[in-house]
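Order of the sequence lines sets the chain letters (A, B, ...), proteins ahead of strands, with each chain counted from 1. Note that the coordinates shown come from a computational prediction; the quantities given were computed from them, not determined experimentally.
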2 protein chains.
Amino acid sequence: MNEASPLATVHGQPTWQVVRAEILRRIRARYWEPGALIPGEMVLAKKFGCARATVNRALRDLAEEGLVERRRKAGTRVALHPVRKATLEIPVTRIEVEKRGASYRHAVIERETAKPPELVASKLGSGVKKLLHLRSLHFADDHPFIYEDRWVNQVAVPDVMKESFEHVSTNEWLVRNAPFTHGDITFGAENTTEAEAQLLEAHEGDAILVIQRITWSEKMPITFVRLAHAPGHRLRTTI
Amino acid sequence: MNEASPLATVHGQPTWQVVRAEILRRIRARYWEPGALIPGEMVLAKKFGCARATVNRALRDLAEEGLVERRRKAGTRVALHPVRKATLEIPVTRIEVEKRGASYRHAVIERETAKPPELVASKLGSGVKKLLHLRSLHFADDHPFIYEDRWVNQVAVPDVMKESFEHVSTNEWLVRNAPFTHGDITFGAENTTEAEAQLLEAHEGDAILVIQRITWSEKMPITFVRLAHAPGHRLRTTI
DNA sequence: AAGTGGTCTAGACCACGTC
DNA sequence: ACGTGGTCTAGACCACTTT
């Protein structure tokens, strides 16, 4: 096991990635054990024969992935409990359907201005009164794909009242017209109610994946949406 | 709307984040519309009164988030379909339970060396023959939390045969003794079978969140695991 | 008080992809 | 061929913490 080889002889790859890979190798080989202190950036830079900024880039990347923990003055340590992070892409429904090679279509089932149920109101904040309620279905190749139940804050997005959403899905329209700054998402499994089952062409009680999302623009809540996916729907990702 | 203010008068925040915020503001304000070409790094650097590397850092960050698309020679464009990415943290089960303020305990239900079902075998690759099969339950405050069904490749992790997993969960042991390089994850909803329902103290047919994970060390498959969560379990994250 | 990472700069060279 | 982003460097100053 080589100790201090000045930059491994790898080509094509940027130096910081080579450094990153070498540090990763040492961590995995237990050369630096979990919880152990890794040499400082200047030391590593000299060892690898590169600039400190390059080592910094490598370590910063590893820190973002949760494999090392960095603190000023305290130094860099190998993470005790490397929390792996899986990133799920949240595309617009139309794109998601088309990516599966299916044709997309959507239909608005109900559209009303109404008082939200307590559950929705509490999540959006008590100050939100005027809400547009939209229920719609997204289809993939004419099969129900997602049943969407959405509440939109009219104060945050006044233009929403002018749009029928017959040609553009609410989802896509909002991305264009009311970009959000941040949001909360929860993933869960639920048994379909009779009504949902009918809409999704499923059987009552079928297990479905339900995603709830609330988005804000700064401090102003924009929308709450509950997406009930057809049975069998799966989310995939890699780590 | 100020046009070319050399660095906004924001304090405490690193310059690259100020630049990033300003670019983000212009995108959201439609100053640069979706699909539009953003000025080059050198131009922006001069406009903001900072070094090109600083602008680069800001734009690189935005690119990673999917808000802009960058290509050499072609330049930087505002993304047409900003794919938001939600990052889910995948902690060791024990940590996840303890983070909820509950006490953790686990129990091995079954342990055998067996031929995997076709479904598992196909996912791990046909070359994998010797597998350890482990079924176990994870408890939170003595209530079933996750039912785990796991297959471990004995060739990749020979030491696995020496461990009883009565004191350390397989999950945690593998993190220590067989770190993986990458993996696939799928999230789905399923109705519990009668057997599962009994283990999870649920009713047959209850909707549960099921996570399947396959991990590799380079090209060697390490383990396949199916995690059946107790009814009502939710994953949360922010975007 | 001192050491470590965080950031910034000015300049340079290079790789890629468009032209 | 040429322009843009990608990377690298050497040096500097600063912020945060631990000692």
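For the pair A:Ala74 and B:Ile38, both in contact range of DNA chain D, the more 5′-proximal nearest nucleotide belongs to B:Ile38.
A donor-acceptor contact shorter than 3.5 Å links the side chain of A:Asn153 to the backbone of A:Val155. A donor-acceptor contact shorter than 3.5 Å is absent between the side chain of A:His138 and the backbone of A:His106. Listed for the B:Arg77 side chain is a donor-acceptor partner under 3.5 Å among the backbone atoms of B:Gly35. B:Asp184 contributes no side-chain N or O that, together with a main-chain N or O of B:Ile214, makes up a donor-acceptor pair within less than 3.5 Å.
Among residues two or more places apart in sequence or in another chain, the side chain to side chain contact (heavy atoms under 4.5 Å, CB included) test is passed with B:Arg30 by A:Arg176, B:Glu33, B:Pro34.
When rounded to the nearest whole Å, the span between CD of B:Glu69 and C1' of C:dG17 equals 15 Å. For A:Met42 and C:dG3, the CE to P distance is 9 Å, given to the nearest whole Å. C:dG11 atom P lies 16 Å from atom CD of B:Glu41, rounded to whole Å. B:Gln17 places its CD atom 7 Å from the P atom of C:dT7, with the value rounded to the nearest Å. D:dA10 atom P lies 15 Å from atom CG of A:Asn56, rounded to whole Å. Counting to the nearest Å, the C1' atom of C:dT18 and the NZ atom of B:Lys73 are 6 Å from each other. The separation between B:Lys46 atom NZ and C:dA10 atom P is 11 Å, rounded to whole Å. Atom pair A:Arg57:CZ and D:dT7:C1' shows a separation of 8 Å (rounding to whole Å applied).
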For nucleotides 12-14 of chain C, print each protein N/O atom paired with a nucleotide N/O atom at under 3.5 Å, atom names and distance only.
unit_1 : atom_1 : unit_2  : atom_2 : d
C:dA12 : N6     : B:Arg52 : NH2    : 3.0

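B:Thr93 has its side chain within reach of B:Phe145: a pair of non-hydrogen atoms, C-beta onward, lies under 4.5 Å apart.
Using a 4.0 Å cut-off on heavy atoms, the residues of residues 75-83 of chain B that approach DNA chain D are B:Gly75, B:Thr76, listed by number. DNA chain D is contacted by no residue of residues 59-66 of chain A, taking any non-hydrogen atom closer than 4.0 Å.
Here salt bridge (charged side-chain N to carboxylate O under 4.0 Å, His left out) pairs that include residues 219-228 of chain A, with residues two or more places apart or in two chains, are A:Glu190-A:Arg226, A:Glu196-A:Arg226.
Applying the side-chain contact (heavy atoms from CB on, under 4.5 Å) test between B:Glu148 and each of B:Leu137, B:Val108, B:Leu134, B:Leu227 identifies B:Leu227 as the sole match. Put simply, the residue from A:Val225, A:Leu132, A:Val120 that forms a side-chain contact (heavy atoms from CB on, under 4.5 Å) with A:Arg150 is A:Val225.
Between B:Arg70 and D:dT4 there is no side-chain polar atom (N or O) within less than 4.0 angstrom of OP1 or OP2. OP1 or OP2 of C:dT9 sits under 4.0 Å from a side-chain N or O of B:Thr54.
A ring-centre distance under 6.0 Å is found for A:Trp173 and A:Phe165.
Across D:dT7, D:dT9, D:dG5, the shortest atom-to-atom separation from the side chain of A:Ala53 is found for D:dT9. The side chain of A:Ala51 lies closest to D:dA10, out of C:dT9, D:dT7, D:dA10.
A donor and an acceptor atom, one from each side chain of A:Ser169 and A:Arg94, are nowhere located under 3.5 Å apart.
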Name the atoms and distances for all side-chain donor-acceptor pairs under 3.5 Å in residues 232-239 of chain B, with sequence neighbours left out.
unit_1   : atom_1 : unit_2  : atom_2 : d
B:Thr237 : OG1    : B:Thr87 : O      : 2.7

